[in-house]
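Just the heavy atoms: all of them, side chains too, but no hydrogens, waters or symmetry mates, feed the values below. The sequence lines fix the lettering, A, B, ..., with proteins before strands; numbering per chain opens at 1.
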Number of protein chains: 2
Amino acid sequence: MGKHVLLYGLLCGILIAALKLIEYRWLMVEYSVEIYGGLVATVFACLGIWIGLKLTRPPRHTETVVMREVVVPAPANFVRDEARLATLGITPRELKILELIAEGLSNKEIAARAFVSENTVKTHSSRVFDKLGARRRTQAVQLGKEFRLIP
Amino acid sequence: MGKHVLLYGLLCGILIAALKLIEYRWLMVEYSVEIYGGLVATVFACLGIWIGLKLTRPPRHTETVVMREVVVPAPANFVRDEARLATLGITPRELKILELIAEGLSNKEIAARAFVSENTVKTHSSRVFDKLGARRRTQAVQLGKEFRLIP
DNA sequence: GCATACATCATCCAAAAGGATGATTTTGCG
DNA sequence: CGCAAAATCATCCTTTTGGATGATGTATGC
């Protein structure tokens, strides 16, 4: 900011000098005042715009640490779309796996939690991906939420 | 915007009239040119600042509404938790990547959509995983939603 | 001028995920 | 009982993802 003020001062100085010069040369000429005024007006308008822009540029990192604990908008009113579930032909086990995937668990963790082998988890997830038309687990989660199969 | 231009024109008109008046009254007085110039400079500088501020003020409704057939579980009233974003130190770019991950895109697809290399996407995602405390992208999405960083 | 933050890209390596396929066991139902 | 759907597990192979680290360029702040 200090640099800007300095620059501003310098510019003003140069301007004043320039104006003095113009003044001495053109003061006698007709319409000199109008030209002079116009010049001053233009230059200062530009300068003003520049300053305005500088002033409003927000500082990059003004850490306004305001802790604000907000309860997550829990999907309390979640109702599973059983119809869609049926039309897609997704089995209960596959849905369970999808839910666990949505919780951000790895296949290994899901296997541990569901008391099955990791291979089984992979089979279920592959099937559910097929049925959802997903190619990745993140996509499966996205689609699962869209279809209201998982909260 | 049109309103602003009109207002600007009107102001200029009034100003010119005022200047004419001043001119006729004070042109004879000594130092009149200096005073005149100073006045013009001040007024136009203020005007410039005002215009600069107007220009940088983000317009209220720049967002182009694009209809999407995807009707996700109505996050109609989603408000990003900027405070949390700041405390976690997640940068805009990282947030963008997180959003694209949540849409179920692969790193390659994200790279294509964000016009960067896949390596860059991986860097951003790694950073955002670190900051979120996630080990997988599904987990990152889950946490991102919990923290209200993404819809 | 120098330190910092941010964004960008790269390389190497390991772990996880995904696709294809086949086999075995459970379970529900006519 | 016998069948079919569902669930379970495995193997092989490819792709994706994640971790660690370093380099470069560009702003910005002090």
(message) For DNA chain C, which residues of residues 89-116 of chain A approach it to below 4.0 angstrom with any heavy atom?
(response) Ser106(A), Asn107(A), Lys108(A)
(request) May I have the step-by-step check of side chain to side chain contact (heavy atoms under 4.5 Å, CB included) for Phe147(B) and Leu85(B), ending in yes or no? (result) CA-CA 9 Å; Phe147(B) 292 159; Leu85(B) 211 54; over 6 Å; no
(request) Could you tell me the separation between the NZ atom of Lys122(A) and the C1' atom of dA7(D), rounded to a whole number of Å? (result) 17 Å
(message) Using the side-chain contact (heavy atoms from CB on, under 4.5 Å) criterion, which residues pair with Gln142(B)? Sequence neighbours excluded.
(response) Glu146(B)
(message) Need the bend value for the helix from dG1(C)-dC30(D) to dG30(C)-dC1(D): angle between end axes, 5 pairs each end, nearest 10°.
(response) 50°
(request) Let me know which of Leu149(A), Val128(A), Leu88(A), Thr123(A) forms a side chain to side chain contact (heavy atoms under 4.5 Å, CB included) with Glu94(A). (result) Val128(A)
(message) From CG of Asn119(B) over to P of dA23(D), roughly how many Å is that when rounded to an integer?
(response) 16 Å
(message) Could you walk me through whether Ser117(B) and Thr120(B) satisfy the side-chain hydrogen bond (donor to acceptor under 3.5 Å, both in side chains) test, starting with their C-alpha distance in whole Å, then the side-chain angles of each, then the deciding distance to 0.1 Å, before giving a yes or no?
(response) CA-CA 5 Å; Ser117(B) 83; Thr120(B) 304; 3.2 Å; yes
(request) Name every residue in residues 123-138 of chain B that has at least one heavy atom under 4.0 Å from any atom of DNA chain C, in order of residue number, or write none if there are no such residues. (result) Thr123(B), His124(B), Arg136(B)
(request) Indicate yes or no: at least one non-hydrogen side-chain atom of Ile90(A) is less than 4.5 angstrom from one of Leu132(A). (result) yes
(message) Looking at every non-hydrogen atom in both residues, tell me the closest pair between Val141(B) and Ile150(B) and how far apart they are.
(response) O-CD1, 3.8 Å
(message) Looking at dT8(D), I'd like to know if its phosphate oxygens (OP1 or OP2) sit under 4.0 Å from a side-chain N or O belonging to Thr120(A).
(response) no
(request) Applying side-chain hydrogen bond (donor to acceptor under 3.5 Å, both in side chains), name anything that partners Lys122(B), two or more places apart in sequence or on another chain. (result) none
(request) Under the salt bridge (Lys or Arg N to Asp or Glu O under 4.0 Å) rule, collect the residues that match up with Arg136(A), sequence neighbours excluded. (result) Glu109(B)
(message) I'd like to know whether Arg80(B) forms a salt bridge (charged side-chain N to carboxylate O under 4.0 Å, His left out) with Glu99(B), so could you lay out the CA-CA distance, the side-chain angles of the two residues, the decisive distance to 0.1 Å, and finally the verdict.
(response) CA-CA 12 Å; Arg80(B) 177 158 295 138; Glu99(B) 281 174 356; 2.7 Å; yes
(request) State whether the number of non-hydrogen atoms from other residues, nucleotides or ligands found under 6.0 Å of Lys96(B) atom NZ is greater than 12. (result) no
